[in-house]
Protein chains: 2
Amino acid sequence: MSSKHKSSKTDLAHRSETAPSRLRIVATTDVEPPEADTAVVAGVTDVGALGQMTGYALRRAQISVFEDFIATIAETGLRPAQFSVLVLLDQTPGLTQSAVAAALGIQRANFVTLINELERRGLARREPSLTDRRSYALQLTDKGHTTLKRARELHALHEARVREAVGAENVETLLALLSRLGPGLRR
Amino acid sequence: MSSKHKSSKTDLAHRSETAPSRLRIVATTDVEPPEADTAVVAGVTDVGALGQMTGYALRRAQISVFEDFIATIAETGLRPAQFSVLVLLDQTPGLTQSAVAAALGIQRANFVTLINELERRGLARREPSLTDRRSYALQLTDKGHTTLKRARELHALHEARVREAVGAENVETLLALLSRLGPGLRR
DNA sequence: GTAAAGTGTAATAGTGTATAACAATCGACA
DNA sequence: TGTCGATTGTTATACACTATTACACTTTAC
């Protein structure tokens with residue numbers, strides 16, 4: 001699809017070739033590995049070697065974090081994917097369904113149901129694109145903005161718990177490392 | 001991965017093996033944050049603020065890593081959950097279905113299908129428990145062991161890619177941080 | 001102007017997970 | 001020893017998420 005999209009007010013496209021700032025990771029902390037050994041911890045059989053496999057560790061952490069996040073924003077009636085769509089549309093209004101889906105790694109066919117629901121709840125709306133009659137320009141409604149605002153407050157509570165669990169000084173380290181695993185490992 | 005794991009007799013409960021000491025995290029590395037700005041990277045709209053949310057970052061990383069892992073062990077016909085069951089049964093033979101399910105965070109009702117399939121493929125078997133007629137003592141078959149061995153080789157290739165992507169010196173840091181997000185954030 | 005590509009949509013299937021119910025069995029204990 | 005609550009494996013079922021295919025409509029490229 002065409003590159004630069006809406007240049008609302010936030011001037012995009014100023015991607016200085018050389019990364020603006022390198023992030024110097026210098027985390028120094030004492031960490032207690034939960035437990036080692038092939039045994040039982042709190043009545044549950046230890047997963048042993050599994051815990052040293054990045055994939056497994058990632059999955060368990062992700063599930064755990066999502067569990068907390070979902071419970072935290074439950075009052076908004078939003079699920080994680082819906083929340084991320086609102087954040088994205090708030091940041092960059094006018095995106096097409098395909099653009100949002102691609103950015104979030106969602107199949108555009110599956111995105112239909114998602115945006116349908118957001119529209120049904122009056123949180124977002126499809127406006128006809130002025131330049132392309134095939135697509136819609138997605139927008140947040142006022143209700144969408146207020147809901148998002150509340151969701152952000154709740155998300156902050158959740159994020160605070162995550163920071164506490166992982167250690168505030170280590171959060172940026174974690175994010176930096178995770179970003180390296182972003183979409184696609186070279187093969 | 002490790003070098004241990006071989007003497008898979010039935011001696012569980014042999015504590016201490018991995019240094020139960022404290023893990024000193026001292027990662028020092030230069031990391032290029034993928035890209036900043038509300039813009040487009042390679043034709044895809046940037047997710048912006050989303051990238052700073054641990055949950056989102058975790059999810060994307062997990063999906064990416066799993067994708068690679070699944071593709072890598074595809075030749076064994078194993079899916080991640082099945083692989084983890086084999087690893088667990090190899091490490092601790094004789095576990096019951098409930099024990100394995102609990103250790104892996106799987107609903108025991110859903111584990112039935114999983115072990116059924118492993119048994120159907122001749123990789124594991126249900127032996128009658130000698131002490132409890134309600135449950136089974138799960139075991140790997142010879143075929144299960146050889147399949148697991150091959151899967152481990154393939155997993156090593158996968159893990160190597162992960163290490164390269166995240167930086168070999170940072171892997172233990174990542175694992176330590178992820179373990180802190182393990183099951184359940186305090187609420 | 002015609003062919004190729006992109007957009008939104010529906011239909012469908014596959015997978016993963018959660019819940020409820022149930023028979024068989026175990027464990028505790030009066 | 002008999003009863004009752006808890007546990008184990010199991011089936012059935014439902015829901016969320018994902019992937020694939022197909023299609024009409026529109027845009028883009030040659």
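In what follows, chains are A, B, ... by sequence order, proteins preceding strands, each numbered from 1.
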Query - Sole residue of A:Arg161, A:His155, A:His158 in side chain to side chain donor-acceptor pair (under 3.5 Å) with A:Thr72 - result: A:Arg161

Query raised in the report: Looking at side-chain heavy atoms only, is the closest gap between B:Leu104 and A:Leu50 below 4.5 Å?
Result: yes

Report task. Mind listing the closest non-hydrogen atom pair of B:Ala99 and A:Thr45 along with its distance? Result -> CB-OG1, 4.1 Å

Query raised in the report: Nearest-Å distance, CG (A:Leu114) to P (C:dG8)?
Result: 14 Å

Report task. Let me know the distance between CZ of A:Arg108 and P of D:dA22, rounded to the nearest Å. Result -> 14 Å

Query raised in the report: Under 4.0 Å between a side-chain N or O of B:Ser98 and OP1 or OP2 of D:dG9?
Result: yes

**Report entry** Side chain proximity check, A:Gln82 to A:Leu114, heavy atoms < 4.5 angstrom
**Finding:** yes

**Report entry** Heavy-atom check, side chain of A:Leu58 versus side chain of A:Leu181, under 4.5 Å
**Finding:** yes

**Report entry** For atom CD of A:Gln97 and atom C1' of C:dA10, their distance in whole Å
**Finding:** 13 Å

Query - Length of the line joining B:Ile115:CD1 and D:dT8:P, which is rounded to integer Å - result: 16 Å

Check nucleotides 27-30 of chain D against the protein and report each pair of N or O atoms closer than 3.5 Å, with its distance, or say if there are none.
residue, atom, partner, partner atom, Å
D:dT27, OP1, A:Arg133, N, 3.0
D:dT27, OP2, A:Arg133, NH2, 3.2

Requested in this report: Go along nucleotides 13-19 of chain C 5' to 3' and tag each nucleotide: B for a protein heavy atom under 4.0 Å from its base, S when only backbone or sugar atoms are that close, - otherwise.
Outcome: --SSBBB

Report summary line: When A:Leu123, A:Val85, A:Thr147, A:Leu86 are each screened for side chain to side chain contact (heavy atoms under 4.5 Å, CB included) with A:Leu140, the one that passes is A:Leu86

Requested in this report: Would you tell me if any nitrogen or oxygen in the side chain of B:Tyr136 comes within less than 4.0 Å of OP1 or OP2 on D:dT10?
Outcome: yes

Query raised in the report: Between A:Glu159 and B:Met53, is any pair of side-chain heavy atoms under 4.5 Å apart?
Result: yes

Query raised in the report: Taking only residues two or more places apart in sequence, or in another chain, which ones meet A:Tyr56 in a ring-ring contact (aromatic ring centres under 6.0 Å, His included)?
Result: none

Report summary line: When rounded to whole Å, the CG to P distance for the pair B:Leu95 and D:dG9 reads 11 Å

